[in-house]
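Some notes on the structure that comes next.
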Amino acid sequence: MLRCDQRRDPAGGNGVHRTTVTRWVREVVGLLAARAPRLDRAVKKIARKGGGVVLLDGSLIPTRRRTGAENRKNYSGKHPCHGLLVIALTDDRGRLIWVSAVRPGRTSEITACRHDKLTAKLRAAGLSAIADLGFVGLDDSGPDADPAVITGYEAARNRPLTAGQKQAKRALAAVRAPVEHGFAHLKNWRVLGKVGTDPKWAAALVRALLVLTNREVAR
């Protein structure tokens, strides 16, 4: 039902009222979401397995457009559409290990990570996260400390990248490519294509799909 977004079909074909099916789906989603790992436990688990880095990225989940001032916060200027922002961590093979709470589309990725105290929890686990240029400025560690978030170099108008910086940027892009596969597995669930603007329901749904995706990939 969640894979193909067939929440209403079983109701009509089996003589069950639509509201009953909706209640069943919400109950199951709530139970699955409760099994999603917390951030601190997820990164500590990777560290115990001998991992040194995780992959960090954010994605916008499109939502139905609503009129009125209340829905303006869900408009993302980066993606020019309405949606909800979710941050995710994967291991070096692109397997999802954690997803954040869902936030309005206008929220920046750095703000979302700071709200979850991502860098502090990565340091506590002894890990670093590899991310794209959208996360430049997230790491607030000192110059002598190991970075908690590793990003590529960003060129400026009067400061082009050197040959070494370009090579490092290409290497980081190749390393963080698997994180896109993690989001692709998550978005294969068609129910995410018609998410409402209720952040609590959207967060529970994304976390439930994380649990189902990991179970499916582990087969």
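The closest donor-acceptor contact from the side chain of Asn214 to the backbone of Leu96 lies under 3.5 Å. For the pair Ser128 (side chain) and Pro147 (backbone), a donor-acceptor distance under 3.5 Å is present.
The side-chain hydrogen bond (donor to acceptor under 3.5 Å, both in side chains) pairs that include a residue from residues 23-33 number zero, where partners must be two or more places apart or lie in different chains. The side-chain hydrogen bond (donor to acceptor under 3.5 Å, both in side chains) pairs that include a residue from residues 99-108 are Arg103-His115, Arg103-Asp116, Ser108-Thr111, where partners are two or more places apart or lie in different chains. Here side-chain hydrogen bond (donor to acceptor under 3.5 Å, both in side chains) pairs that include residues 173-187, with residues two or more places apart or in two chains, are Asp57-Arg176, Ser59-Lys187.
Evaluation of the ring pair (Phe, Tyr, Trp, His ring centres under 6.0 Å) rule for Tyr75 yields His82 as partners, not counting sequence neighbours. Listed by chain and residue number, Arg38 satisfy the side chain to side chain donor-acceptor pair (under 3.5 Å) test with Asp40 (two or more places apart in sequence, or in another chain).
Here Val136 is tied into one hydrophobic group with Leu133, each link being a pair of ILVMFWY side chains closer than 4.5 Å.
Rounding to the nearest 0.5 angstrom, the gap separating the CG atom in Leu89 from the CD1 atom in Ile130 is 12.0 Å. Once rounded to the nearest 0.5 Å, the distance linking OG1 of Thr119 with CZ of Phe135 reads 12.0 Å. Atoms CD and CG, on Gln167 and Leu161 in that order, are 12.5 Å from each other to the nearest 0.5 Å. The line from OG of Ser76 to CG of Leu84 is 10.5 Å long, rounded to the nearest 0.5 Å.
Heavy-atom contacts from other residues, nucleotides or ligands closer than 6.0 Å to CD of Gln165 number more than 12.
A side-chain contact (heavy atoms from CB on, under 4.5 Å) with Leu56 is found for exactly one of Leu122, Asp132, Leu138, namely Leu138.
Linking Ile, Leu, Val, Met, Phe, Trp and Tyr whenever their side-chain heavy atoms come within less than 4.5 Å puts Leu209 and Leu32 in one cluster.
Between the side chains of Trp189 and Thr213, at least one donor N or O lies within less than 3.5 Å of an accepting N or O.
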